[in-house]
Every structure is written in C-alpha cells, then in structure tokens.
J.: 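The structure's right below; bear with me while I get my questions together.
None of the values given here were measured: they were computed from a predicted structure. In what follows, residues are counted from 1 in the order of the sequence shown.
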Amino acid sequence: MGGPDEQAALEAVEQEHVEAQWKDAEKKVYSENFGKGAGPEWSHRTVSRTRKGERKFLGPFSEQEVTLSLAGLPDHDEVEVQLELFVFKSWNGSPPTKGPDRWVASVDDGPVLVDATFANDDAPLDARHGNRGYAIHPLSFTFRHTGDRLTLRFADSPRGEAKKRWGLDSVKVKVRKKVGDLLVSNNVDSSVLRYDGKTGDFVGVFIPPGAGGLDNPQELLYGPDGNLYIASFTSREVLRFNGKTGAFIDVFVPEGSGGLGFPGGLIFGPDGNLYVADSFGGTNSVLRYDGTTGAFIDVFASGGGLFVPQKMAFDKKGNLFVVSILGNNVVRYDENGAPFPAAGQPGAIFIPDIESVTISIGKDHKLYVGTTPGEDVLRFNARTGAFIDVFAEPGSAGLVDYVDMEFGPDGNLYIPDFLPASVFRFSGKTGNFIDVFVPAGRGTGAATLTFMPSQRKKPHGYEAD
C-alpha cells in the first residue's frame, strides 16, 4: 500500500470510475430545442419566437393538451424528463381573486408529474403592449417506467382567460436502468435493513425484527420467483418473504427437513433448485430442495474434506464450490455432487489450508475468497485452483470482521463489516478501496447482504456465460 497521498489519489480515480459506470447506464433518447421546428412526435407542431425574437419555442398554446410520443426506447427502468415551461402574459398563480392558473404534465399509464399553479410576476413588463413578457420555469421529473413506448401529456386547465398562454423549450428525455436497493441483515435484532443501491442512504426497515419467526438471519438470497429467501439460523428454517415489500410469505424449508440442523449458506442452482449448507448440528452437508415447493430432494454433496459448510458458489459449468469452515479449505463438487478436487488434492479439496469465510464467482469467472483473520480477499483460478493475487489487501480501509461479500450491479465488490456495522465498497476491477458505502450509525450488526434485482437480473449465485 502507498502513502496517504497515493491512497487518496487511488480512491479519487475509483470514485470517478464508479460515477462513469452510472453514467454509462443512462442514455439520452430525445433532445429538442425547436430551432428547426417540431417533429411528428408532437401532436401540435406550432413553433414561434419570443417577442424580441431571441428564442424559438413550441407554442403558444391556451387551454390545449399537447402530447409527446416516443417509440423504440432501449431497455430501462426509469425515465428522466427535463424541460422549460414558458408562461406568457397574465399567469397569476393561485391568488384568491385570480386564478388558479394551473399547468399539468402526466404520463400515459403512469404518474401525474406536476399539477401546480404558475405565475410570471417576475417577467419584465412590456411597456409597448402594456403587459408582462414571459417567465421560464425549468422543470425536471424522474419516474419509474418500462417498455419501449412513452407518451407525455402537457395541458393548461380551462379558465376562460384567452390571454394566458404557454409553451415548451429545451425538452430532454433520458432513460436508465435503476439500481436495485441494497438489503443488509441485522443480526442484533433479526431484521433486514434497506439502503439506496446507488447512494447507500438508509431507506428503511425492509423486514421488521423477528418477522415470520426470523432469528439470527444468515444468507439473503433472491430466488427465480423474485422473492427473498433467508436462512434463519436459530429457528433452523429457510423463510420466504415478498421480494418487493418484505412481507412474510411462508416457511419454505421447515426445521428438520432432510435432516436440516442449522442453515447457513443458500444458493439456487442452474437446475432451479435450492441448495442449503447445513452447517452446525445437522448433516454437515449440502442439502437440495425443490426450488418451487421447498420439498426435500436429496443430500447433494458431503464429505471429501467438508466440515461445517457455509457460503457457496456455482461456476458457469455447474460445479459447486463450498466454504468448509472447520476444514480450513474450499471444496468443489461437480454438477452431480461428486467430489471434484483440484489437481493433486485429495477428496473434494479445491483450495487447501485457507481460513475462508465467504466466496464469490466474479464476472471474470475467477473465484474470490474472503479470509479471516487476514480480513483480505484472494483471487484464484476457478478451473485449476491456482492462486492469482491478493485482490483486496488485508484490513483494507479498516475492514475487521466480515462473513459475506457480493459483487453489486455496478460490478464492484460490497462487504458488510459486522462490528462497526458498515458496508465497504471495493473496485470490481482492481480491488482498490472506493468508499464506505454504508457508514457506521445507519444500522447495527451488518452480517450478510444482497441487492434487490431488476426483472432482468439472474438469480443471485449462479454465473452464466
């Protein structure tokens, strides 16, 4: 690690990279200032100049509805609309004796963006014509939207006053894929907290303490059905919650099913079934359950050096990697559950003599291993088990106590730190520390995490080509 100045420079570079990633997810799909007129996307195509001729605008309109219709939009979750509203002559807002002078913008099959009164009291007085000129109101709206078509509606409400006119200029439309919010388990009171997936700001309690019998939550996992599955360690169950609201649905895997003792790691496999690491006091194996009903199927993998299984990951070929806590190793099994060790290793041992606590397969198809007491992240070849490098340095940025990590939607690595109850973010490309994404004080007992998926995201834990 370099000195403070070098480290600060690295952090600044990584932060710029993160901002660039968010920008890349945003696309401008429409921009018009009406310098050459209005296109067929507008229901009314009248373009005028302001009185002194310095600006063109769409309009003027009075007691009319105007629509903007766009088609062929790229895949997105959010739309941002920016525009300038011109109000001409005697717009008075909402005084008791005049008005209300209202203007409305809305979305077909969507929200009302604004329904408010406007005025041009600050517009300069036109001495020649004895009335006000025009006022410009910059407006910006962001709203949820999917689909390849968008229709925006703009209108002023009827008021029997023909002198009141309006127009539009500088209309811009951007679309972006919204980042799923971050969920973090709170092991102090057995709740799940929600944070903004882009800023890390606290949003609220997603699952209240003890809901559905939740006790000492371990792995958080979104399933193919879009719901959230949680390993409830002390109650010895796998619970299912509504993936959007956090409402309790059911006990998906009950205590003792298939010999289940204490569930730790969870993962949905390429076959769509749920795999549960039965860690302490149970079968000391990986159990498989029907991904739709939760019914026990079989003991998928056991032995070969597996002692107290915890976190798991599938590679693109369907091989299963498992952290063996007391075995001090990482083991591997093939798509049928047979031991599949690295060359020269016995049993199912893939990486020997390593005090691992969590693993993940990156987008580069490498195996990332979080260790203790070093509190670092190591990178290995997921095919051979060969060591590649120290991806995140020991104790980076004060990281002291963690058992989980996940690559986020921005491609960066997120690690919850239990003792200060923080979430750290590291570059997914270099491993350099970026920032404390969730600072201490916004939650307690941060143990495990996951991101709320978009409709297009694959289930957590399975990496496909």
Side-chain angles (χ1 to χ4, degrees), residues 216 218-219 221 231 233-234 236 238 258-267 269 274-289 298-315 317-362 366-392 394 401-406 415 418 447-448 461 463:
N216 191 5
Q218 299 293 307
E219 187 89 67
L221 173 70
F233 187 82
T234 304
R236 306 186 181 192
V238 178
L260 179 63
F262 291 88
L266 303 177
I267 194 168
L274 178 65
Y275 294 72
V276 180
D278 189 10
S279 54
F280 293 93
T283 63
N284 190 42
S285 63
V286 177
L287 306 178
R288 179 164 54 175
Y289 298 87
D298 58 13
V299 176
F300 178 76
S302 63
L306 182 62
F307 297 102
V308 186
Q310 193 64 20
K311 300 294 181 176
M312 299 176 289
F314 277 101
D315 67 12
K317 293 185 177 180
N319 299 312
L320 179 65
F321 299 84
V322 188
V323 169
S324 176
I325 297 293
L326 295 187
N328 289 335
N329 53 49
V330 175
V331 295
R332 181 176 64 174
Y333 303 91
D334 68 17
E335 66 274 16
N336 299 312
F340 185 23
Q345 296 296 329
I349 296 175
F350 186 70
I351 302 173
D353 303 321
I354 184 171
E355 295 185 62
S356 56
V357 292
T358 185
I359 55 176
S360 183
I361 300 286
K366 302 296 191 297
L367 180 65
Y368 293 78
V369 181
T371 74
T372 185
E375 310 302 340
D376 56 12
V377 179
L378 308 180
R379 181 162 51 179
F380 296 84
N381 184 305
R383 182 175 57 84
T384 66
F387 174 73
I388 297 175
D389 58 15
V390 177
F391 185 71
D401 186 16
Y402 75 100
V403 295
D404 193 19
M405 62 184 182
E406 181 173 333
I415 301 179
F418 183 80
T448 58
E463 295 291 337

J.: Measuring only between side-chain heavy atoms, which start at C-beta, is Val369 closer than 4.5 Å to Phe391?
T.: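 Side chain of Val369 against side chain of Phe391, heavy atoms only: no contact under 4.5 Å found.
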J.: Is it the case that Thr283 and Asp278 place a side-chain donor and acceptor less than 3.5 Å from each other?
T.: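 The criterion, which ignores hydrogens and geometry beyond distance, is satisfied for Asp278 and Thr283.
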J.: Within this structure, what is the CD1-OG1 distance for the pair Ile415 and Thr358, rounded to the nearest 0.5 Å?
T.: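 Between atom CD1 of Ile415 and atom OG1 of Thr358 there are 8.5 Å.
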J.: Going from CD1 on Ile359 to CG on Asp404, what distance comes out if it is rounded to the nearest 0.5 angstrom?
T.: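 Going from the CD1 atom of Ile359 to the CG atom of Asp404 covers 11.0 Å.
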J.: Do the non-hydrogen side-chain atoms of Tyr289 and Leu260 ever get within less than 4.5 Å of each other?
T.: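 With C-beta onward as the side chain, the pair touches.
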J.: Would you say the side-chain atoms of Asn284 pair up with the backbone N or O of Leu306, donor to acceptor, closer than 3.5 Å?
T.: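 Yes.
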J.: Using modelled atom types and a 3.5 Å cut-off, is there a donor and acceptor pairing between side-chain atoms of Thr448 and backbone atoms of Gln218?
T.: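 It does hold such a pair.
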J.: Would Phe300 and Tyr275 count as a ring pair (Phe, Tyr, Trp, His ring centres under 6.0 Å) here? Give the steps.
T.: CA-CA 8 Å; Phe300 178 76; Tyr275 294 72; 5.0 Å; yes
J.: Is there side-chain contact between Ile361 and Phe321, with heavy atoms separated by less than 4.5 Å?
T.: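 They are in contact (side-chain heavy atoms under 4.5 Å apart), so the answer is yes.
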J.: Under 3.5 Å, side chain of Ser285 to main-chain N/O of Leu287, donor-acceptor pair present?
T.: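 Pair absent, no side-chain N/O of Ser285 close to backbone of Leu287.
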J.: I want to check something: taking the side chain as every heavy atom from C-beta on, are Thr371 and Val357 in contact at a cut-off of under 4.5 Å?
T.: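 The answer is no; the side chains never approach within 4.5 Å.
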J.: Taking the ring of Phe418 and the ring of Tyr402, is the distance between their centroids below 6.0 Å?
T.: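 Distance test on ring centres: not under 6.0 Å, no.
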J.: For a 4.5 angstrom cut-off between non-hydrogen side-chain atoms, does Val238 reach Leu266?
T.: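 Yes - at least one pair of side-chain heavy atoms lies under 4.5 Å apart.
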J.: Short question: side chain of Asn381, backbone of Gly385 - any donor-acceptor pair under 3.5 Å?
T.: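 No.
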J.: Taking atom CZ of Phe387 and atom CD1 of Ile354, what is their separation to the nearest 0.5 Å?
T.: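 Reported value, rounded in 0.5 Å steps: 8.5 Å.
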J.: Any non-hydrogen side-chain atom of Tyr368 less than 4.5 Å from a side-chain atom of Val377?
T.: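 Yes, side chains in contact.
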J.: Grab the two heavy atoms, one from Met405 and one from Ser360, that are nearest each other, plus how far apart they are.
T.: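 Smallest interatomic distance, heavy atoms only, reads CE-N, 4.0 Å.
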J.: More than 12 foreign heavy atoms under 6.0 Å from CG of Asp353: is that the case here?
T.: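 12 or below, so no.
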J.: If you round to the nearest 0.5 Å, how far is NZ of Lys311 from OG of Ser356?
T.: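 So the gap between those two atoms works out to 12.0 Å.
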J.: So which heavy atom on Ser279 is nearest to which on Pro263, and how close?
T.: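 So the minimum-distance heavy-atom pair works out to OG-C, 4.4 Å.
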J.: Do Ile351 and Leu367 have side chains that get closer than 4.5 Å, going by heavy atoms?
T.: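 Yes, side chains in contact.
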J.: By side-chain contact (heavy atoms from CB on, under 4.5 Å), which residues pair with Pro341, not counting sequence neighbours?
T.: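 Result, side-chain contact (heavy atoms from CB on, under 4.5 Å) vs Pro341: Gln345.
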J.: Could you list all the side-chain hydrogen bond (donor to acceptor under 3.5 Å, both in side chains) pairs where at least one residue sits in residues 325-335, not counting sequence neighbours?
T.: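 Only Ser324-Asn329 qualify under side-chain hydrogen bond (donor to acceptor under 3.5 Å, both in side chains).
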J.: Please tell me if the side chains of Thr372 and Asp401 come closer than 4.5 Å, counting only heavy atoms from C-beta onward.
T.: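 In short, these two side chains do not touch, never coming nearer than 4.5 Å.
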